[in-house]
Amino acid sequence: MPTPTPTPTPTPAPTSDQNPTAHVMKPGWFTVNVMNRFVGWLTRRGVSVWGSRVLAVRGRKSGEWRRTPVNLLTVDGTQYLVAPRGHVQWTHNMRAAGGGQLHLGRHVQPFTAVEVADDEKPALLRAYLKRWKAEVGVFFQGVGPGSTDEELRAIAPRHPVFRISPDNA
């Protein structure tokens with residue numbers, strides 16, 4: 001009688017806790033087709049909605065400019081971009097490109113970007129949530145501006161933050 005070959009056990013995909021860079025919360029139809037388009041339209045015409053800008057960053061594979069509306073956070077005179085939905089396409093492109101452009105109307109601000117370490121994120125995430133919790137709070141797993149540093153540190157790996165420095169060129 002032949003020996004049965006063992007069936008390999010499938011390995012489950014890593015959860016966001018096992019691999020925080022896998023954490024992505026995709027936007028729904030309304031956000032993509034109505035809100036992002038509307039905010040982008042206003043921002044392209046020079047109207048900033050609570051600090052909105054249109055981020056332009058080169059695609060890591062195509063090299064073509066990719067655009068998305070973002071909220072520009074300023075803390076103690078330094079500017080930051082926070083990814084509330086996690087490790088989305090613009091964050092991967094930003095890591096590869098090392099910078100991009102922020103658009104508000106006809107004003108274009110070229111910048112370089114450095115990703116912030118998780119240990120530095122609690123104060124930045126708190127400031128971001130204080131300003132935009134009504135808009136993005138759902139993406140932070142119940143953590144808000146009044147949460148402890150430990151709670152903010154626990155979600156920090158799921159939310160990339162980039163410190164941006166304007167280019168002086």
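The first residue in the sequence is number 1, and the count goes up from there.
- Without hydrogens or angle criteria, Q141 side chain to F139 main chain gives a donor-acceptor distance under 3.5 Å.
- Looking at every heavy atom in both residues, G144 comes nearest to L152 through O-CD2, 4.2 Å.
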Working note: L72 + Y80, criterion side-chain contact (heavy atoms from CB on, under 4.5 Å); need CA distance, chi angles, decisive distance, verdict. CA-CA 6 Å; L72 180 62; Y80 298 90; over 6 Å; no
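- Ionic pairing of R58 and E64 is not present here: no N-O contact between side-chain nitrogen and carboxylate oxygen is shorter than 4.0 angstrom.
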Pair R53, H107 - check side chain to side chain donor-acceptor pair (under 3.5 Å), show working. CA-CA 10 Å; R53 299 291 187 277; H107 178 75; over 6 Å; no
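- The two atoms that bring S147 and R126 nearest to each other are O-NH2, 2.6 Å, heavy atoms only.
- Across all non-hydrogen atoms, the minimal contact from V75 to A127 is CG2-CB, 3.9 Å.
- Taking 4.5 Å as the limit, some side-chain heavy atom of R95 sits within range of a side-chain heavy atom of H87.
- Relative orientation of the F140 and H159 rings is parallel, given thresholds of 30° and 60° on the angle between their planes.
- Once rounded to the nearest 0.5 Å, the distance linking CZ of R153 with CG of D119 reads 5.5 Å.
- Hydrophobic cluster membership differs between W65 and V88, with clusters built from Ile, Leu, Val, Met, Phe, Trp and Tyr side chains linked at under 4.5 angstrom.
- Under a 3.5 Å cut-off, the side chain of E135 and the backbone N or O of W132 do not form any donor-acceptor pair.
- Across all their heavy atoms, P145 and K133 have their closest contact at CD-CD, 3.6 Å.
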Please lay out, stage by stage, how Q101 and H103 fare under the test side-chain contact (heavy atoms from CB on, under 4.5 Å). CA-CA 6 Å; Q101 300 173 340; H103 295 253; 3.0 Å; yes
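- Linking ILVMFWY side-chain heavy atoms closer than 4.5 Å, directly or via other members, places V138 and I155 in a single hydrophobic cluster.
- Across R67 and A56, no two heavy atoms sit closer than the pair CG-CB, 4.0 Å.
- Between the side chain of T74 and the main chain of G77, no donor-acceptor pair closer than 3.5 Å is present.
- Annotation for V116 and F162: closest pair CG2-C, 4.3 Å, computed over non-hydrogen atoms.
- Evaluated for a side chain to side chain contact (heavy atoms under 4.5 Å, CB included) with L55, the options I164, N71, N93, V70 yield exactly one hit, V70.
- Annotation: side chain of Q79 is in contact with side chain of Q109 (closest heavy-atom distance under 4.5 Å).
- Between R163 and E115 there is no salt bridge, since no side-chain nitrogen of the basic residue lies less than 4.0 Å from a carboxylate oxygen of the acidic one.
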Go through V161 and L81 one step at a time and tell me if the side-chain contact (heavy atoms from CB on, under 4.5 Å) criterion holds. CA-CA 6 Å; V161 177; L81 293 176; over 6 Å; no
